[in-house]
Amino acid sequence: MDCQKLAERLLPGNYPKLSYYEEIYPPRAIEKNAEVTRLAPSPTGFIHLGNLFVAIANERIAHQSGGVMYLRIEDTDDKRRVEGAVEAVKNALRYFSVRFDEGAEIDGDNTYAPWYQRQRAEIYRAFVKDLIVRGKAYPCFCTEEELSALRDEQTNEKKITGYYGEYARCRNLTEAEIFRNLDAGKPFVIRLKSAGNPENKITFRDEIKGEITVTENDQDVVILKSDGIPTYHFAHAIDDHFMRTTLVIRGEEWLSSLPIHIELFSVLGFDRPRYGHNCSLMKQDGETRRKLSKRKDPELSLEFYRQEGYFPRAVRVYMMTLLNSNFEEWYQKNPEKPLEEFPFSVKKMGKSGALFDLDKLNDISKNELSRLTAEETFDFLKAWADEYGSDEEKGYFKNREYLIKILELVMGTNGKKRRKDIMTARQAMEIVGYFFSKGERQDEYRTDKQTKVRILNAFLATYDYNDDAQVWFSKLKEVAASLGFAAEMRDYKANPEAYKGNVSDVAEVLRIAVTGRANTPDLWTVMQILGAEETKKRIQGETV
Ligand code: GLU
């Protein structure tokens, strides 16, 4: 076989010498232990929690070591590409403070560009051509139908499926056969001529999982598709070599492809980066644990957290908690410190499935938000409402002072013990909503209508906006006593049959009349914020 001639026919034209790429993409001038890491998403428009999980780890490792984190777009599969997806990736990660130094649409050094794989086609082809010249790759003309028939045959015979060994038909085509196929215009892909033997095991040190043993690859995997674009495997080897990645932290779903990657790096003559395969995010579903699923779990999508208005730092804190086993303890001791000060360590990353629990995130979120000032909360909520709020909710932000007063009430003022009611921006809108319009009543009165009306009228008769909280409450007690309710809790407890109820039942009626809810922060303060006129109007509305 004249491999040179074959290579020329398959990939005609002059490609740069391979050493040229080594020159234009030289080893990076960085400190010895600095790590070069990356996030390499496909632009499918769906950016998920798994991406963020791995991105945070990569980001921490790079920046903590004084290295570089870059964004590469793996767009080799054109069918899955979605318009605007790269912007979406960038925005989503920026929201969670994942900072890239270089990469697609990042304002940074472009020595190692292009960052989109489709724009790197020439580099891949140059290396594929060289592999053909060296007899390490060959064209395959098998059609989809033939491959699927092969799969069926292998399945029936209980053999491993794929294109390998005796099944790799096109591996043995003669030069004449190949040229005849090419002359007939048959489409072809280029496959690696694997030299591996599945009898051989390779022991491999994974940075996260430790020592693992994998079986040598013997699959003649496709490296260049019929459209001249490489497969993920081949692009990965070329790109991580020429972008000078030192450490690949990626999802453990790639572990099964590792033997292919090991062979590719070897046949290309490249040193491998180190790998760490990160555990998947799992969810407790009844008795079983399963991977988070795109179809079943809205919380897998990063968009979910923005739409709901999770405080980004809370999500980051939770991801860190899942990523490093000693983070939680560190954070408890150092709640005020920037998260970047935590000494992140690959060694502390989990070896198997991390359980993702939305309730836990909700608790963290409440906690994080309770540490903001009312001013900071206002800014966070407003940014959310500008993007996701209804028109009515957007209106809440017109009067800054008014909403700040509400937030101070809802959250408790700084210094004092803070309430932890606010979990997300969306839910905060519900919490503050009744200060803007009474809206639908959410809780039912527990007294009969006549008693309710009596209570409200009696209260209105004594109500004075200028009363302080004590006076206000003693008037409420008088109202209670005048209508047969116990003014003092201890009297009521001593002799419940003697009363219709107690002062807290009276307060509840008033609370529902004013806010539509049975649970609110301090009612006197609520009335103070609403103002005399609005308070009276709302109560009067309930007396008819
Ligand atoms: N494009 C792959 C993905 O989206 C990247 C895998 C890797 O990090 O090597 O999962």
Side-chain angles (χ1 to χ4, degrees), residues 308-318 328 331-339 358-385 389 393 395-439 442-443 465-474 476 489 503-504 507-508 510-532 534-535 538:
E308 291 303 306
Y310 275 90
F311 191 47
R313 182 181 158 104
V315 177
R316 212 178 144 90
V317 163
Y318 189 35
E328 200 165 4
Y331 193 50
Q332 262 159 17
K333 287 191 194 137
N334 303 286
E336 305 298 333
K337 282 202 178 153
L339 300 180
L358 205 53
D359 291 338
K360 173 103 196 214
L361 171 62
N362 289 340
D363 283 345
I364 295 178
S365 196
K366 283 181 186 170
N367 216 14
E368 290 296 322
L369 284 169
S370 78
R371 291 167 46 201
L372 300 189
T373 62
E375 298 274 344
E376 287 164 339
T377 311
F378 180 97
D379 294 338
F380 164 63
L381 298 178
K382 182 171 187 309
W384 177 85
E393 288 163 349
Y396 297 174
F397 298 87
K398 285 205 186 103
N399 183 342
R400 185 173 181 109
E401 219 180 308
Y402 183 66
L403 183 52
I404 296 258
K405 253 197 261 171
I406 297 168
L407 291 172
E408 278 171 353
L409 170 66
V410 170
M411 303 174 68
T413 22
N414 297 326
K416 296 207 199 119
K417 196 166 178 330
R418 307 292 303 275
R419 292 172 63 98
K420 294 183 179 173
D421 291 345
I422 302 186
M423 188 169 85
T424 63
R426 183 183 297 287
Q427 174 245 8
M429 298 297 111
E430 276 168 40
I431 294 182
V432 303
Y434 62 80
F435 286 96
F436 296 91
S437 74
K438 199 169 148 192
Q442 291 194 354
D443 295 303
Y465 181 82
N466 296 316
D467 289 342
D468 65 19
Q470 269 92 29
V471 175
W472 179 90
F473 192 53
S474 54
L476 198 67
M489 243 5 228
V503 65
S504 74
E508 183 180 292
L510 200 56
R511 197 182 294 278
I512 297 178
V514 175
T515 68
R517 296 143 210 251
N519 283 309
T520 70
D522 178 61
L523 186 56
W524 175 79
T525 316
V526 171
M527 290 183 177
Q528 289 292 303
I529 293 175
L530 284 173
E534 178 68 14
T535 301
R538 289 189 183 188

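For the numbers below, each heavy atom of this structure counts, side chains included, while hydrogens, waters and symmetry mates do not. This one's a predicted model, so the numbers in the text were calculated from it and none came from an experiment.
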Under 3.5 Å, side chain of [X] to main-chain N/O of [Y], donor-acceptor pair present?
X	Y	result
Gln528	Tyr465	yes
Glu376	Thr373	yes
Asn334	Lys337	no

side-chain hydrogen bond (donor to acceptor under 3.5 Å, both in side chains) with Asn362: which residues, sequence neighbours excluded?
Tyr310
Arg511 vs Asp443, test: side-chain contact (heavy atoms from CB on, under 4.5 Å). Steps then yes/no.
CA-CA 10 Å; Arg511 197 182 294 278; Asp443 295 303; over 6 Å; no
Set of residues satisfying salt bridge (charged side-chain N to carboxylate O under 4.0 Å, His left out) with respect to Lys333, sequence neighbours excluded:
Glu329
Say you draw a straight line from [atom1] of [X] to [atom2] of [Y]; how long is it, rounded to the nearest 0.5 Å?
X	Y	atom1	atom2	value
Leu403	Tyr396	CG	OH	10.0 Å
Asn466	Asp468	CG	CG	10.0 Å
Ile529	Ile406	CD1	CD1	6.0 Å
Met423	Ile431	CE	CD1	8.5 Å
Thr515	Arg538	OG1	CZ	8.0 Å
Glu375	Ile404	CD	CD1	3.5 Å

Any idea which heavy atoms bring [X] and [Y] closest together, and the distance?
X	Y	result
Leu476	Ala507	CD2-CB, 3.9 Å
Lys360	Glu328	NZ-OE2, 2.9 Å
Thr535	Gly531	OG1-O, 2.7 Å
Lys438	Ala513	NZ-O, 2.8 Å
Leu369	Thr424	CD1-N, 4.3 Å
Tyr434	Val526	CE1-CG1, 4.0 Å

Is the shortest side-chain heavy-atom distance between [X] and [Y] below 4.5 Å?
X	Y	answer
Lys366	Ile422	no
Ser370	Asn367	yes
Arg313	Arg371	yes
Lys405	Phe435	no
Met411	Asp421	no
Val410	Arg419	no

Would you check, one step at a time, whether the test side-chain contact (heavy atoms from CB on, under 4.5 Å) holds for Trp384 with Glu308?
CA-CA 9 Å; Trp384 177 85; Glu308 291 303 306; 5.9 Å; no
Aromatic Phe378 / basic Arg400 pairing, under 6.0 angstrom, 45° off normal
yes
Please name all residues satisfying ring-ring contact (aromatic ring centres under 6.0 Å, His included) with Tyr402, sequence neighbours left out, ordered by chain then number.
Phe436
Does Val503 form a side-chain contact (heavy atoms from CB on, under 4.5 Å) with Phe473? I'd like the steps, not just the answer.
CA-CA 10 Å; Val503 65; Phe473 192 53; 4.2 Å; yes
Apply the test side-chain contact (heavy atoms from CB on, under 4.5 Å) to residues Arg517 and Ile512: give CA-CA distance (whole Å), side-chain angles for both, the deciding distance (0.1 Å), then the verdict.
CA-CA 5 Å; Arg517 296 143 210 251; Ile512 297 178; over 6 Å; no
